[in-house]
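Just so we're on the same page: letters track the sequence lines, and every chain starts at 1. These figures come from a predicted structure and were not determined experimentally.
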2 protein chains.
Amino acid sequence: MQTPHPKISFKEQMHQARENAILQTTCRLLGEKAFDAMTMDDVANDVGIAKASLYKHFASKEELCCTAMVQILERVQAYLHGLPATMEPVDKLRALVRWSLERLISDEMPLLPSRNSSLRAVLMANKPYLDGLIAVSDQIGHWITEAQAQGRIDASLPPLVVLYTLYARACDPVVGFLKEGGQYSDAEIVELVLRTCFDGLAAR
Amino acid sequence: MQTPHPKISFKEQMHQARENAILQTTCRLLGEKAFDAMTMDDVANDVGIAKASLYKHFASKEELCCTAMVQILERVQAYLHGLPATMEPVDKLRALVRWSLERLISDEMPLLPSRNSSLRAVLMANKPYLDGLIAVSDQIGHWITEAQAQGRIDASLPPLVVLYTLYARACDPVVGFLKEGGQYSDAEIVELVLRTCFDGLAAR
DNA sequence: GTCTATATGACGATAGAC
DNA sequence: GTCTATCGTCATATAGAC
């Protein structure tokens with residue numbers, strides 16, 4: 001693509017940069033609080049623009065949050081695709097949960113919204129989000145059945161149960177509990193939660 | 001205590017009965033939706049009284065929900081106290097999580113609010129709730145260390161991590177995911193989630 | 001103590017000047 | 001496209017009649 005009019009291209013760049021700033025702020029705020037608790041004033045103030053300007057970029061609060069979530073899904077897909085092909089399926093699953101826990105602990109939005117119930121309904125009515133979620137779930141689903149065939153994941157658990165459990169642990173509230181306590185480092189918390197997810201509480 | 005004026009006693013009974021109805025409705029609604037999403041109109045309409053009457057019983061939405069949560073804590077304490085003394089500590093822990101999952105799956109409020117973030121802040125500022133939570137946590141904490149000493153719970157996990165994990169699993173969102181799918185009975189879902197909690201996803 | 005009716009404030013969304 | 005100022009709506013909480 002050519003840029004015969006640099007000035008227009010510059011304006012578009014500004015526009016894009018602002019839109020990215022809005023989405024980044026949205027991701028952070030949705031990581032900190034629930035969809036209902038996050039207001040459009042919060043987003044506008046944090047980005048440093050007027051609320052009306054926000055509505056020039058996104059037609060509604062729902063559209064803004066859906067776009068942010070679709071972006072997260074795209075990033076996780078890129079991350080999953082970038083995992084070395086030689087990696088064991090079960091280790092890919094661990095890596096996925098770790099990626100999401102690290103986002104969660106740094107107050108960014110994890111793979112799935114952790115503090116939410118009403119956002120869920122909005123997302124489930126959004127085709128781009130659903131498509132992305134299905135793509136990710138398919139990818140994970142393959143690794144689950146492979147890991148079960150290799151005897152690394154409990155083969156007596158239905159794959160769907162494993163998938164849902166991975167999604168749930170990727171935004172495990174235990175992370176927040178432990179972080180509040182303040183006696184473990186972020187890295188320690190991630191490893192502890194990963195262990196409770198894959199190894200369970202019972203002694204082995 | 002004597003009741004020289006039966007009529008007053010009757011009035012008090014009515015008052016108490018209405019208050020119980022209010023609390024029961026609150027427990028159900030808080031099991032179905034988040035604190036922010038539940039309105040005082042919802043509660044009043046469901047109980048069948050005017051909203052203003054609600055405020056004669058409870059000074060605020062926060063006070064109402066705190067009272068409901070304290071009642072849950074009292075019930076769980078009664079349940080824990082009623083467990084047979086001969087029961088293994090690890091089985092008492094399982095029973096606790098099962099009790100809460102069964103409440104969760106029947107849309108009553110579980111041991112901890114599952115769909116919430118803003119209610120948490122309210123509860124953490126409420127002394128009666130905190131006292132009850134500490135009492136329950138102490139009881140559970142003893143069982144955890146006993147179970148670890150018996151080699152039934154992974155002794156390399158800090159007891160606090162086990163405690164928080166039990167609380168988190170007691171309102172595990174996987175229950176809701178699986179229930180929506182509709183291919184498992186409530187009892188099956190409870191058992192599956194219990195297994196992922198204590199045995200983990202990895203094969204043993 | 002219960003009701004109807006309303007005050008108050010927050011939030012999503014928009015109008016209109018620049 | 002950005003801003004200030006505002007509308008419409010809904011939820012908490014209360015006033016005041018009965």
Quiz prompt | Nearest-0.5 Å distance that lies between atom OG in Ser100(A) and atom CE in Met109(A) | solution = 10.5 Å
Quiz item: Can you find a heavy atom in the side chain of Val122(A) that is under 4.5 Å from one in the side chain of Cys65(A)?
Solution: no
Practice problem: With the side chain counted from C-beta on, respond yes when Ser137(B) and Leu133(B) share a heavy-atom pair under 4.5 Å apart, and no when they do not. | Solution: yes
Quiz prompt | Sorted by number, the residues of residues 18-43 of chain A with heavy-atom contact under 4.0 Å to DNA chain C | solution = Met38(A), Thr39(A), Met40(A)
Quiz item: Can you check the Ile49(A) CD1 to dC3(D) P distance for me, whole Å?
Solution: 7 Å
Quiz prompt | Contact under 4.0 Å: Ser53(A) side-chain N or O vs dC3(D) OP1/OP2 | solution = yes
Quiz item: When you check the phosphate oxygens OP1 and OP2 of dG12(C), does a side-chain N or O of Lys61(A) lie under 4.0 Å from one of them?
Solution: yes
Quiz item: Nearest to the side chain of Lys51(B) - dT12(D), dT14(C), dT2(D)?
Solution: dT12(D)
Self-check item: Distance in angstrom units between Phe58(B) CZ and dG1(C) P, rounded
Solution: 14 Å
Quiz item: Can you find a side-chain donor-acceptor pair between Ser53(B) and Arg18(B) that sits under 3.5 Å?
Solution: no
Exercise. Check whether any side-chain N or O of Tyr55(A) sits under 4.0 Å from OP1 or OP2 of dA13(C), and answer yes or no.
Key: yes
Self-check item: N/O donor-acceptor pair under 3.5 Å between Glu191(B) side chain and Glu188(B) backbone
Solution: no
Quiz item: Is any side-chain heavy atom of Thr196(B) closer than 4.5 Å to a side-chain heavy atom of Val174(B)?
Solution: no
Practice problem: Report the residue (Lys56(B) or Glu62(B)) whose heavy-atom-nearest nucleotide on DNA chain D is the more 5′ of the two. | Solution: Glu62(B)
Quiz item: If you check the Ala52(A) side chain, which of dT14(C), dG12(C), dC3(C) turns out closest?
Solution: dT14(C)
Quiz item: What's the closest nucleotide to the His15(B) side chain, out of dC3(D), dG1(C), dT2(C)?
Solution: dG1(C)
Exercise. Respond yes when some side-chain nitrogen or oxygen of His57(A) is under 4.0 Å from OP1 or OP2 of dG1(D), and no when none is.
Key: no
